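Below: one structure, written as structure tokens.
Bear in mind that the values here come from a model prediction, so they are computed numbers and not experimental data. Whatever order the structure lists ligands and atoms in, that order sets their numbers, starting from 1. Positions are given from 1 along the sequence.
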Amino acid sequence: MISLKDKDIISILDFTKEEILYILEISGKMEKEDRHGILSGKILANLFFEPSTRTRLSFEAAMKRLGGEVIGFDDLGTTSTVKGESLRDSVKIIEGYCDIIVLRHFLEGASRLTADSVNIPVINAGDGASQHPTQTFVDLYTIQKSKGEIENLSIGFLGDLKYGRTAHSLAYALAHFNADMYFISPPSLRMPKDYLEELELKKVSFQEVNSISEVSDKLDILYCTRIQKERFAEPVEYEKVRGLYKLSKSVMDELNVKDGLKILHPLPRVDEMDESLDSTEYAVYFQQAHSGVPVREALLASVLGVIQ
Ligand code: CP
């Protein structure tokens, strides 16, 4: 029997295929059924050291829809971090105020450090350019709903694969599902070597290309990502790749694509995906963002042990 009670959610690599499928199944139930009250008396601390719209608010909505309460911050300038308090000290204090911590941080490894420092479950809501595992559950749920399955699909990852933490986590997760992966990016924004080595170890079939036209006819899913301006050390390096990929309805009309292709994007978007795409049959990114609530309900309820 699968139980995720008290499990930290730090890396998608910490999850078996069975655990991933279990979370997707619970997410489906959360979407269909009203479970208000199952987290009554529980408190979530939402600790956001980096900006967020979807992740923070969908965790908050999920907790409140299940009857729980939320504390936290979304501006580290209002916290004692500015007085020099370490992350380790902060979270050791905060664990006394809540039952579960959701942490977004600009440093890779911040969630692991937090999980190692406290005795309550910790959920990684994005750590630097490393991973964003709860987004991956949202992405897989969206793929399953829009394609009817997750197994044996061809997925194109487009854009900033160097800094795009959602792409890193999703590629690892799809390694369980016999996916063919196409990494579409300029050479300077390729998927980092250690991720490719892990995929090779898992015997995943992948190919790196520069342009979508090279592989568009193969894809069941196109996973578009924003170029992560905030992670570039030098602004001039960002300017070299800014606006390199611009998907629009007219671009899609020119491409040779498979029937049923779906476009996902973790959002926010900047200029890589035009609004003209929004009303096409390809677009599922708004449904994807809305699925953040039932998926995060499933994660919170499972980790807090009210669903086993
Ligand atoms: N997808 C995602 O992580 O969005 P936010 O940065 O708005 O949370």
- Message: Restricting to side chain to side chain contact (heavy atoms under 4.5 Å, CB included), what partner residues turn up for Asp220, sequence neighbours left out?
- Response: Lys147, Leu153, Ser154, Lys258

- Message: Can you list everything that forms a salt bridge (charged side-chain N to carboxylate O under 4.0 Å, His left out) with Arg54? Sequence neighbours excluded, please.
- Response: none

- Query: Is the CD atom of Glu95 crowded by more than 12 outside heavy atoms at less than 6.0 Å?
  - Reply: yes

- Message: Could you check whether Lys240 makes a cation-pi contact with Phe232, meaning its NZ or CZ is under 6.0 Å from the centre of the six-membered ring and within 45° of the ring axis?
- Response: no

- Task: Could you check whether the rings of Phe49 and Phe73 sit parallel, tilted or perpendicular, using 30° and 60° as the cut-offs?
- Result: perpendicular

Acceptor/donor pairs from residues 21-28 side chains to any protein atom, 3.5 angstrom cut, sequence neighbours excluded:
residue: Ser27; atom: OG; partner: Ile23; partner atom: O; Å: 2.7

- Using heavy atoms and a strict 4.0 Å limit, residues surrounding ligand 1 turn out to be Ser52, Thr53, Arg54, Thr55, Arg104, His132, Gln135, Pro266, Leu267

